[in-house]
Amino acid sequence: MIHILNRKGVDMKIINFSRLVVYLTLTVVLAVSASCSAGTVLDEAWQEYRLQNFSKARRIFQKLLKDASSEDDKIRARFGIASVVHYQLPGRNPGKALSLYEELLESVPAGHALRPALLYRIGECHYSKTDMDAALKSFERVRTEHPDSIEAREATLRIAYVHMAGGKKENFRKAADVLEKDLEARPDHRFVGCLHQACAYLLITLEDYEGARSHLIKWYEKGIANFNNEGNILYMVANISETKLGDLKTAVEYYEKLAKKSPSDYRNYMCEIKVKKLRERIDSGRTGGE
Amino acid sequence: MAEQAANSKKAAFASYIGLVLLAIVYAAATYRMMTVPKGDEYFGRKVIRIVHWQLESGYRGAIAWVISEYEKLHPGVKVIQLGVHEKAYGQYVQTQLIGQTAPDLIELGMFDVKKALGRYFVPLSQHLFKPNPHNEGTEFEDTPWIYTFTDGLRYAYSPENLEYFSAGLSMFTVRMFYNKDMFRRILGHNRAPQNYRELINVCEKITRYAEEHDVAIIPISSSKYQVNILTSRFRSCLTADYLEKLDMNFDLLVSPYERYLGHIHGKLNFKTDRQLEAAEEITKEISRHFTPGFMAMGRMEAGFSFVQQKAAMITSGSWDAMSYRTQAQFDMGVFDFPLPNEIDPDYGSYFDGKGSESQAGTGGLYGVTRFSKYPDVALDFLRFLTSKRINQEFNRRIQWLPAIRNTEVDDFMKPFLPHMDGFPAGDRYEIIGSHTRRNQEQAFWPYISDRIDYAEYAAKIEDRFVKDGLKDYLMGLEAMGHGIQPQEHIRSGLKVDVIFGDDEHKRKGLEKLSYIWESMNALFLEKTIMEYELERAAELGNDRAEALKELL
């Protein structure tokens, strides 16, 4: 402790030091509580948003926009308001959301975590308005400016969707090419499962069964996010191998895998019968395809 | 005078008795209210509440047994069971959910479950794909919880929310019940028919006996409800090969779109396909042995007719087993549907094998509410209810079928055990959506009641199929487009976790984001591919394709 007495005998340093500590503590407490309350309010608003209480969520975001002291909180509140306008059910308004996102993009500094999401959502708004050229430009911008982001993979999927909307065989091929190029460039990105999934279904439609099977297997191996798909993938690999590629050994392998991995699957009886028949064919050397 | 004063004093005192009694009762009620444990604590124990509408005597007793077993293992937990009559159940649950005072575990049904799931119930997917700890020491020790259910909880999945929200306690199958005493009296034995031909012979003998002895007995008590069950059974075994013929994406699921396209491609023809005709004719043939005017009868009436010994047999589900057993004053037996076999003269050539019951689906689904103070305890109790040993005993007590695989049942329930082998359940290939359904129903009932023959029935279906089917097809695609929108909303909410959340939220958000994209992708791809395939089918050049082209 420091004790410096003035002429009247009062310990000045102690008083000043105490004041300093009090002021500092108050400042820290106020700052922390302000940031905590903004964070809590945002959490509450997003919780309401998830529960589809859109009006309430919007009110909270608007209040936060009015009261927030930090620029970042304001950006987040504006993002929340735009999200409500964009996705609320009923009453989605991608046209209005588009202008909100564009305004927000201008005020968001480079490197901000929201930028790829904003660019992607601008593309999505154009897509919903069926302005496909503008949608393609926005999605391409996401891929160029943030090539390793989740949004870039989502944009790749959306670009494929834009091509597929054309509804012709060559457009389907173009969509598959876009997906395959992205997969080639980033084969281990955590989001590749969805790209393999889209490729597999597209290639089945294009009757490229070898390619379709390869994507199904990769989708399975890279990790399925939705386990409901597991039975379908295994059965499809086996069925395509058996009926379209004449690869009976792979067919047997995947029919058996389905029975083992998904014991409650309603196709298991069919798998059992098929395995028995296929084994007989393999043993007798009759391994021809379709 | 003194006497009068005494009397008036007595009267004054008597008038206070009521008040005093009221005060005592009030005080006692207040004391009771203050001392009765309420809310989430019960003498220091965590309280969870489970609500259902199963007021059958056995059910509440069985749940009470499970509770006592659970409380023995977890002395710190008190489980309270609430049974609400089915007439009030929907309102009760709905108001409790809105008021955020709902019980911890709720049986799903009787209210708008679809709307309530995402908003009021805890998602269970992440738990379902981990082993159930209460299965320790059994063969399911390392098996994900979801795969311990006979149907893999196929019908508990909510495609709107891309989540599982519930787990079921029981499963149900449909069988034929028969009056063994009546069989003995009429046929001279009480052996159940082993195949379709034997069933028809038994029916004919019963009809003959009723005519000869002038008694009001019919072979099979039935209603519209039973006809639909029978049709589905016969279709499964007679038209199984259409599954592979119509399946376009190799997953052995025939969607309504694939059915329609199959018709345009010429893989399906209601007028000329003898197999389709056989599947309808067999239902019609057996319906000749039903109660006259069965189409106007309800399910309950058909049941009464059977227990009152006015019919020798009835088709119904395992849910009716206990009540038939209690009400029937005769020796009752149960047998599986006698299907036509390979040597059947009329249907043998189309017989592929019996249909699988693996899609029968688990019922009695319970979900954990978001407002539960102890969601982990509620979830654990649900796991306990669906563990192998407990689920087996619970269902044995109510004479239902366990929802868990490899469980055992009493001898009486054995005939109800589902056949896991067999072909996937048969589809009605002439139904794509509401327009084709209306057309099919308008033609089916006159056909089944012998007012028109198969040729006329098939012509009625075939003539309108391209046009009505297209309406249904396009409506389905539109609905799919609407189905994508709620998923986009869910995805946008998850994105916030990924962008702004802490590491844990980010990790979970990313997992779910991939999950939702897979589901959205599936919807989008199906929609786009089916639009494309429709355009392609219109270019095939056959009559149906030409008709379709004109409509497009």
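Order of the sequence lines fixes the chain letters, A, B, ..., with proteins taken first and strands second; residue numbering starts at 1 for each chain.
- When each of B/Asp497, B/Leu252, B/Thr528 is checked for heavy-atom pairs under 4.5 Å with chain A, B/Leu252 comes out on top.
- The closest side-chain heavy-atom distance from B/Val496 to A/Leu42 is not below 4.5 Å.
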May I have the step-by-step check of ring-ring contact (aromatic ring centres under 6.0 Å, His included) for A/Tyr49 and B/His489, ending in yes or no? CA-CA 9 Å; A/Tyr49 176 84; B/His489 160 248; 4.9 Å; yes

Pair B/Glu244, A/Lys274 - check salt bridge (Lys or Arg N to Asp or Glu O under 4.0 Å), show working. CA-CA 12 Å; B/Glu244 289 198 310; A/Lys274 281 175 174 254; 2.6 Å; yes

Do B/Arg491 and A/Glu154 pass the salt bridge (Lys or Arg N to Asp or Glu O under 4.0 Å) test, and can you show the C-alpha distance, the side-chain angles, and the key distance before you say yes or no? CA-CA 11 Å; B/Arg491 182 176 52 87; A/Glu154 291 179 305; 3.8 Å; yes

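- Looking only at side-chain heavy atoms (C-beta outward), A/His86 and B/Glu488 stay at 4.5 Å or farther from each other.
- No cation-pi contact links A/Lys169 to B/Tyr532, judged by a cut-off of 6.0 Å to the six-membered ring centre and 45° from its axis.
- Only the side chain of B/Phe129 has a heavy atom closer than 4.5 Å to any heavy atom of chain A.
- Chain A forms the most heavy-atom pairs under 4.5 Å with one residue out of B/Gln485, B/Lys495, B/Arg370, B/Glu518, and that residue is B/Glu518.
- At most 12 non-hydrogen atoms from other residues, nucleotides or ligands lie less than 6.0 angstrom from NE2 of B/His505.
- Within the 4.5 Å cutoff, the side chain of A/Arg121 has heavy atoms near those of the B/Ser492 side chain.
- Between chain A and the residues B/Ala522, B/Gly152, B/Gly422, the most heavy-atom pairs under 4.5 angstrom are made by B/Gly422.
- A/Tyr161 and B/Asn521 form a side-chain donor-acceptor contact under 3.5 Å, judged by distance and modelled atom types alone.
- In this pair, A/Phe191 and B/Trp517 present their aromatic rings perpendicular. The plane angle is above 60°, beyond the 30 to 60° band.
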